[in-house]
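Naming convention: chains lettered A, B, ... in sequence-line order (proteins, then strands); numbering from 1 in each chain. What you see is a predicted model, and the numbers here were worked out from it, not measured in a lab.
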Amino acid sequence: MNPIVTKVILAVGLALIVAAAVVTRKVWLSGIWHAVPSVWRIAKITVAEARRRRVLRAVIALVIVIIISMTFFSYLSPQEQARMLINGGLSAITVFGILLAIFVAAFLIPNEIENRTVYAILAKPVRRFEFVLGKYLGALIVLAAVVAIMTVVLVGVLLVQDRLVEDLPDSAFNPNIGQVVFAAAMSYCALAVLTALIVLISTVSSTTMTVISAFIIWVVGSLQSQIHDLAENAAGAAKLLLLVMYHLVPHLENFDFRFQASYFQPIPVPAAVSAVLSGILYTGVVLIVASVFFNDRQV
Amino acid sequence: MASADAVLEIEGLTKVYRSLFTPAGVRAVDNLNLTVRQGETYSIVGPNGSGKTTTLKILLGLIFPTAGSATIFGKDIADLSVRERIGFLPEDAYLYDCFSGEELLDFYASLFGYSKARRRELVDELLTLVGMQANRKVPFRECSKGMRQRIALAQALVNDPELLILDEPTSGLDPAGRHQMTLLIQEMKRRGKTILLCSHFLAEVEEVCDRVGIMYRGRLVAEGTLSELAGEPEETVVTATGLTGDLAGRLSALPTVREVTTDTVRLDHVGEKDLWQVLQVIHEGGGEIVEVSRPRPSLQDIFVKAIREEAQ
């Protein structure tokens, strides 16, 4: 992306955060000390609830099976196999992580409203923004645990495979574990941004609409370069729509470091730092807007 | 006007639901005025759709009024400190169903900032109070309706609230469960809690409530204590044996007597002199007097009458 555009987006984002903070100051200023423990308690119950869902264990098991099954391609050279394992493993972590993020985040708030469990919570001294942030934090912890487990399995498989092929002639397996973990961590950052946006949508729409929107955002967010190219060649309303999509939907591809990890390329640190910082900014704005929307929602 | 001992005051509360299909809106609550005083048990009764639950949801900040205002402990309902002092039992006990009663109570108590040690004590106390000690580890989804309702009541009590708001506390319970819940409500009343109860089980309301407000189509159509709502008894009923033949004929001829059956004489609500006259005729005619009563209408009668009058 053009650096000037990035700076403008960062400045606008910062201005939005400041403006939202000023507008909602009564909400957060008086209760800042109250908010932290409440957010943490809501997050804890969200995690505890997710831990008891079988679907979570099923997704983790499926990814583990996929990663392990990739070691069966014994006709590949060690280096090709390493590439395939790293790329395939990271792709599985990203794809299943995103699917999980969509299904965890899309149901977080609508389920509470549909099952009316939100009544007993909001009747207690819990502010609505605390509820939204607690739910988001809970989802982040769940996703962190899932990504961590899947990454540990991938790293374990890589290390075992490295040990198995080390005595073979022409061995060049040598996976860069640091890069693999880094790429997985960046995928997790993408999940965090996407989850925040899904939470925002879920505060104003039904579960079905949220899930559909989340899939669209995932696709658009992963194809931002193409959307930018399309926008440059389009005209009129189509151009406007593409530009809106390009600037509003998070650039999930900026968090994608699978290529560097699987082709043993150096990690472009400034790009990674920029992606993380803009992700934090974007998430902050999105969560403030989500809190404002949920504050006005009749449950 | 603010009353000194008022815990809850509602003034002109109105809630209109608008949608694309009903641009004029549906008035769920219409200019509701209501006061609940310290230590009293006040019940809002009304048919389904009369606005009871909507009113409670507004009081709890779950939905927002179109007009009017409400205060609890003299503070606006939006004030978070109000919720430190109230407990809410939602209709149908909507709680996280993958947790046990013990875990749920611990979670809800944590929302009030209690320490772990205090929470442990509190959970024990509440589970004992609602009779769920033996089933404390049973997941909520595996609990019977009665058990769920008792856990839900316990979560409403975690902060030892001064005002308890109960939405249909006996809904869906069997007679034994209803009785247990009624006893628990009476225990709360004995402990000095102010209770606002919404129900359409009129028998339980009669048992526990000091005052009743009847809602219909979003409006409060009648309000008062049961005796105020019932008014003066309209008739006197004499229960006796041997009210046959000649005696029945002589009783029917009396101007104050409305109806004579084989074992009762119903007369207009009369003075002592007229009553003595009836009793004397029965006695002289060989009848045996069993009971004299002046029955008041039940809450059911009052409710039906109020709704019928309002519908007209």
Side chains of A:Lys44 and B:Phe107, heavy atoms from C-beta outward: is any pair under 4.5 Å? no

Are side-chain heavy atoms of A:Asn115 and B:Asp97 found at a separation under 4.5 Å? no

In terms of heavy-atom contacts, A:Asp296 and B:Phe64 come closest through O-CE1, 3.5 Å

Rounded to the nearest 0.5 Å, what's the gap from CZ on B:Phe88 to NZ on A:Lys124? Could you check? 9.0 Å

Do A:Tyr119 and B:Asp167 make a side-chain contact, defined as non-hydrogen atoms from C-beta onward lying under 4.5 Å apart? no

I need the B:Ser110 OG to A:Arg41 CZ distance, nearest 0.5 Å. 5.5 Å

Shortest non-hydrogen pair, A:Arg52 vs B:Cys98, comes out as NH1-O, 2.9 Å

Using modelled atom types and a 3.5 Å cut-off, is there a donor and acceptor pairing between side-chain atoms of B:Arg83 and backbone atoms of A:Ala123? no

Please look at B:Glu91 and chain A and tell me whether the side chain, the backbone, both or neither of the residue comes under 4.5 angstrom of a heavy atom of that chain. neither

Nearest 0.5 Å, what's the CZ-CD1 distance between A:Arg297 and B:Ile63? 13.0 Å

Are more than 12 heavy atoms from other residues, nucleotides or ligands located less than 6.0 Å from atom CZ of A:Phe293? no

No-hydrogen, no-angle side-chain donor-acceptor test under 3.5 Å, B:Tyr96 and A:Glu112: yes

Rounded to the nearest 0.5 angstrom, the CD-CD1 distance for B:Gln155 and A:Ile121 is 9.5 Å

What verdict does the side-chain contact (heavy atoms from CB on, under 4.5 Å) test give for B:Leu80 and A:Val126, after you've listed the backbone C-alpha separation in whole Å, the side-chain angles of each residue and the deciding distance to 0.1 Å? CA-CA 8 Å; B:Leu80 200 69; A:Val126 174; over 6 Å; no

Note: vs chain A, highest number of non-hydrogen pairs under 4.5 angstrom among B:Tyr108, B:Tyr94, B:Phe112 is B:Tyr94

So for B:Val82, is it side chain, backbone, both, or neither that comes closer than 4.5 Å to the heavy atoms of chain A? neither

With the side chain counted from C-beta on, respond yes when A:Gln298 and B:Leu62 share a heavy-atom pair under 4.5 Å apart, and no when they do not. no

Whether over 12 other heavy atoms sit under 6.0 Å from A:Arg57 CZ: yes

